[in-house]
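For ligands, and for the atoms within them, numbers begin at 1 and follow the listed sequence.
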Amino acid sequence: LLAGQEGTPQALGSGFAPANIALCKYWGKRDDELNLPMTSSLSVSLGALGTRTDLSVRDGGDEVLLDGELVPPADSFAARITSFLDLIRSESGPGFRVATQNAMPTAAGLASSASGFAALVLALKEVMGWDLDSRALSMLARLGSGSACRSLFSGFVEWHVGVRDDGMDSYAEPIDCVWPDFRIAPVTVSAERKSIGSREAMRRTRDTSRLYEAWPAQVAEDLLAIRAALRERDFVRLGETAEANALAMHATMMASRPAVLYWRPETLETIRRAWRLREERGIPVYCTMDAGPNVKLIFLRESTAAIESEFDAVEIINPFETATTAKSEY
Ligand code: DP6
């Protein structure tokens with residue numbers, strides 16, 4: 001990927017990338033080193049919510065800061081960044097100071113590794129002077145965290161599974177669909193640390209869950225439905241498919257030996273509340289869940305008042321709001 005890109009590093013660079021939530025999930029890898037997925041996946045980026053990374057070259061080892069605080073090098077957050085940097089630099093360096101700031105709703109439980117690696121790749125592009133297009137940048141971000149390859153783009157994004165062993169055809173691309181009324185709202189049911197990281201959980205599911213055998217075919221079907229729903233702006237089809245896809249992913253995890261179960265009682269309670277809104281009041285609201293207990297609601301702008309009255313203090317995200325009009329700032 002970086003052949004012919006050697007130059008003299010610049011002193012400073014920075015990058016911003018949005019967080020993203022998958023509507024058709026990435027779960028399971030065919031290559032654990034290169035983060036090559038078993039299937040394609042499709043997400044929506046969260047506009048102005050994401051990660052900003054400021055990067056500078058420094059003598060000595062790396063230094064990682066999160067929201068202004070120095071992170072100990074042994075911490076898994078810093079260790080993951082350093083091993084990613086090791087992939088792109090020679091043995092003689094350089095060292096980097098990586099200052100990361102997350103702009104996420106308070107404790108919303110949104111994954112920051114995707115936006116984090118995407119922002120880091122953008123900052124590195126500036127510092128290293130790489131002449132790379134967004135496809136190459138997406139593949140570089142993928143090496144840090146699979147879902148990071150989708151955070152290079154805004155709006156709806158598809159990550160193509162690819163067939164090559166070297167991963168050179170496994171990258172994300174934006175989908176030509178602007179949907180200003182689309183909304184997503186994270187409902188935090190627990191801010192506790194995960195019982196098992198997604199990396200290990202994915203591996204266990206692939207290796208031990210018999211239900212996982214059915215997953216690739218399910219994803220193929222769901223992707224067709226979601227692409228069609230986006231084309232036709234068919235929100236009900238989009239929501240139904242995204243929710244069913246998330247539930248199917250969790251079913252594959254639960255069938256792992258030993259089981260991977262991220263849900264808490266409040267997870268199910270939140271899902272049931274959304275279903276009640278749908279069944280009793282005809283509000284088209286759907287749920288999606290990732291590798292944790294929190295639920296993200298998806299709905300349209302017209303349902304905002306109903307969602308706000310049912311879910312206390314919920315923070316509603318408009319993925320198509322631009323950074324300049326967004327309320328959230330660093
Ligand atoms: C459930 O991208 O965090 O959020 O590639 O091991 O870093 P690694 O995994 P990661 O997994 C995300 C899983 C998911 C679904 C998704 O975002 O598609």
Contacts under 3.5 angstrom, residues 77-89 side chains, donor-acceptor by atom type, not counting sequence neighbours:
residue : atom : partner : partner atom : Å
R80     : NH2  : G144    : O            : 3.3
T82     : OG1  : D62     : OD2          : 3.2
T82     : OG1  : A78     : O            : 3.4
S83     : OG   : A79     : O            : 2.9
S83     : OG   : R80     : O            : 3.4
D86     : OD1  : R89     : NE           : 3.2
D86     : OD1  : R89     : NH2          : 2.8
R89     : NH1  : D62     : OD1          : 2.8
R89     : NH1  : D62     : OD2          : 3.3
R89     : NH1  : P94     : O            : 3.0
R89     : NH2  : D62     : OD2          : 2.7

Just by distance, with hydrogens left out, do [X] and [Y] show a side-chain donor and acceptor under 3.5 Å apart?
X    : Y    : value
S256 : S209 : no
R150 : S43  : yes
T288 : K25  : yes
N20  : S45  : no
R135 : Y171 : yes

**Prompt:** Should one rank R203, K29, K25, M289 by closest heavy-atom distance to atom 6 (O) of ligand 1, which comes out on top?
**Reply:**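 Answer by nearest heavy atom: K29.
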**Request:** Select the closest option to atom 5 (O) of ligand 1 among F117, W27, Y26, judged by heavy-atom distance.
**Result:** Y26
**Prompt:** Charged N to carboxylate O below 4.0 Å: is that the case for D31 and K29?
**Reply:**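 No salt bridge links D31 with K29.
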**Asked** Under 4.0 Å between a Lys/Arg side-chain N and an Asp/Glu carboxylate O for R206 and E213?
**Response** no
**Item:** ligand 1 N/O within reach of N20 N/O, cut-off under 3.5 Å
**Value:** no
Region of [X] engaging ligand 1 - heavy atom pairs below 4.0 Å:
X    : answer
R80  : side chain
S198 : side chain
S145 : both
M253 : neither

Just jot down the ligand 1 atoms closer than 4.0 angstrom to any heavy atom of [X], in number order.
X    : value
M202 : 9 (O), 11 (O), 13 (C)
G146 : 2 (O), 5 (O), 7 (O), 8 (P)
A22  : 16 (C), 17 (O), 18 (O)
A291 : 1 (C)

Sub-4.0 Å heavy-atom approach of [X] to ligand 1:
X    : result
R150 : yes
S41  : no
A114 : no

**Request:** Linking directly or through intermediates, with side-chain heavy atoms under 4.5 Å: list the remaining ILVMFWY members grouped with L224, chain and number order.
**Result:** none
